[in-house]
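A short worksheet on the structure shown next.
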Amino acid sequence: MQLNLAIQDIYIYPIKSLGGVRVEEAWVEERGFLHDRRWMLVDPNGSFITQRKYPQLALLQVVMAKEALLVFDKNDRASQIRIPFDKSTSEQMEVTVWDDVMMAEKVGGEYDKWFQKKLGMKVFLVKMPQTTQRKVDPKYAKNGEIVSFADGMPYLLIGQSSLQELNSKLTDPVPMDRFRPNIVFSGGRAFCEDEMNSIRIGEVEFGIIKPCARCVLTTVDQETGKKGKEPLATLASFRTKNNKILFGQNMVALSLGKVKVGDSLIVME
């Protein structure tokens, strides 16, 4: 399947379930793009929190600054906080993402307070230390890969044509940010990513593992933080298999390096 495919967008989501960041290039690491989902908000029990239950998280936008993350409130841009990449209290905390339990580091009380004020509930900001090796589910791993605080897989690939096909069935089209991909490619027909097994972008190879099952997070408008029924209801009408609604493909990196917007996507298998 040699198609004229190219990388259109690259996204990282430094703090899990907050607003994503489009970048022109990114470093491919085993557990995900550099800085992708290395931070996370958790409740006092250490359980991860996401837009599924707290859609207002969408209103907290992350920006990449020099050696730091900037987080601001989309409704009050003057309200922002700077989180240096290397900031940590070295205080460890056990956290959970779905069925996985792992150790994380608290980032600092001043950050906790800022997020608590914004969200109106007690939360802690944590980061994933290099020493935490959270394994991809062995059912899906190719080489025993590790993953960040992402739901389960290090990378998510979606074709722009697939979104166009979905939008052709919707009264109100939705942007790609509803689906939180890491890599969006242009060219090819709708859902051609379903037929790929391995790809190369630049010098980096990826193994395509399985379709991504979608949830209510896709119904959260990323600009307003409001939840609706679409696009999940329409997607369910033509993209359901084994009671799962599928959109996009989960991937692992088979090699490391840098990928850039504009790179060709070569289907290896």
With sequence neighbours left out, what residues match K113 under side-chain contact (heavy atoms from CB on, under 4.5 Å)? none
Is there a chain of hydrophobic side chains (I, L, V, M, F, W, Y, each step under 4.5 Å between heavy atoms) that links L125 to Y54? yes
May I ask you to test the K16-M128 pair for a side-chain heavy-atom distance under 4.5 Å? no
Report the distance from atom CD of Q116 to atom CG of L41, rounding to the nearest 0.5 Å. 9.5 Å
What's the shortest heavy-atom distance between P84 and Y111, and which atoms? CD-OH, 3.5 Å
Do M153 and V147 sit in the same hydrophobic cluster, where Ile, Leu, Val, Met, Phe, Trp and Tyr count as joined when their side-chain heavy atoms come under 4.5 Å apart? yes
Distance from E30 atom CD to E145 atom CD, nearest 0.5 Å? 6.0 Å
Quick check on the hydrophobic clustering: are L34 and V107 connected, directly or via other members, by side-chain heavy-atom contacts under 4.5 Å? no
Counting only N and O atoms by type, is there a donor-acceptor contact under 3.5 Å from the side chain of S264 to the main-chain atoms of I266? no
Does K118 make a cation-pi contact with W114 (under 6.0 Å, within 45 degrees of the axis)? yes
Tell me, do E165 and Q160 make a side-chain contact under 4.5 Å, heavy atoms counted? no
Check whether any side-chain heavy atom of D172 lies under 4.5 Å from a side-chain heavy atom of E230, and answer yes or no. no
Does the side chain of L246 reach to within under 4.5 Å of the side chain of C212, using non-hydrogen atoms? no
Between NZ of K87 and CD of E105, what distance do you get to the nearest 0.5 Å? 12.0 Å
Say you draw a straight line from CZ of F48 to NZ of K53; how long is it, rounded to the nearest 0.5 Å? 11.0 Å
Without swapping roles, check the side chain of R38 against the backbone of D36 for a donor-acceptor pair under 3.5 Å. yes
Could you tell me if the side chain of E193 sits less than 4.5 Å from the side chain of I199, heavy atoms only? no
Taking side-chain contact (heavy atoms from CB on, under 4.5 Å) as the criterion, tell me which of P231, P175, P173 meets it with N167. P173
Heavy-atom nearest pair, M64 first then V21, reads CG-CG1, 3.8 Å
Closest approach of P181 to Y11 (non-hydrogen atoms, all atoms of both residues): O-CB, 3.2 Å
Using 30° and 60° as the class limits, which term best fits the ring planes of F191 and F238: parallel, tilted or perpendicular? perpendicular
Which value, rounded to the nearest 0.5 Å, describes the distance between K142 atom NZ and F206 atom CZ? 13.5 Å
Can you find a heavy atom in the side chain of N182 that is under 4.5 Å from one in the side chain of L157? no
Taking all non-hydrogen atoms of both residues into account, name the closest pair between G225 and P55 and its distance. O-CB, 3.3 Å
Do W39 and F85 come close enough that some side-chain heavy atom pair is under 4.5 Å? yes
Pairwise side-chain contact, V95 with M40, heavy-atom cut-off 4.5 Å (strictly under): yes
List the atom pairs, with distances to 0.1 Å, where a side-chain N or O of residues 247-255 and a protein N or O form a donor-acceptor pair under 3.5 Å, not counting sequence neighbours.
from: Q249; atom 1: NE2; to: D194; atom 2: OD1; distance (Å): 3.1
from: N250; atom 1: OD1; to: K210; atom 2: NZ; distance (Å): 3.3
from: S255; atom 1: OG; to: E205; atom 2: N; distance (Å): 2.9

Please check if F124 and L119 belong to a single hydrophobic cluster, counting links between Ile, Leu, Val, Met, Phe, Trp and Tyr side chain heavy atoms closer than 4.5 Å. no
Taking side-chain contact (heavy atoms from CB on, under 4.5 Å) as the definition, give me every residue that meets it alongside A6, ordered by chain and number, with sequence neighbours left out. S186
Say whether, by atom type as modelled, one donor and one acceptor occur between the side chain of T89 and the main chain of K106 under 3.5 angstrom. yes
Determine the minimum heavy-atom distance between P129 and Q92, stating which atoms define it. CG-NE2, 4.3 Å
So does L232 get a backbone contact from the side chain of R214, meaning a donor-acceptor N/O pair under 3.5 Å? no
Hydrophobic clustering (ILVMFWY, side-chain heavy atoms < 4.5 Å, transitive) - are L69 and L60 grouped together? yes
Could you grab the distance from atom CD of Q51 to atom CG of D221, nearest 0.5 Å is fine? 10.0 Å
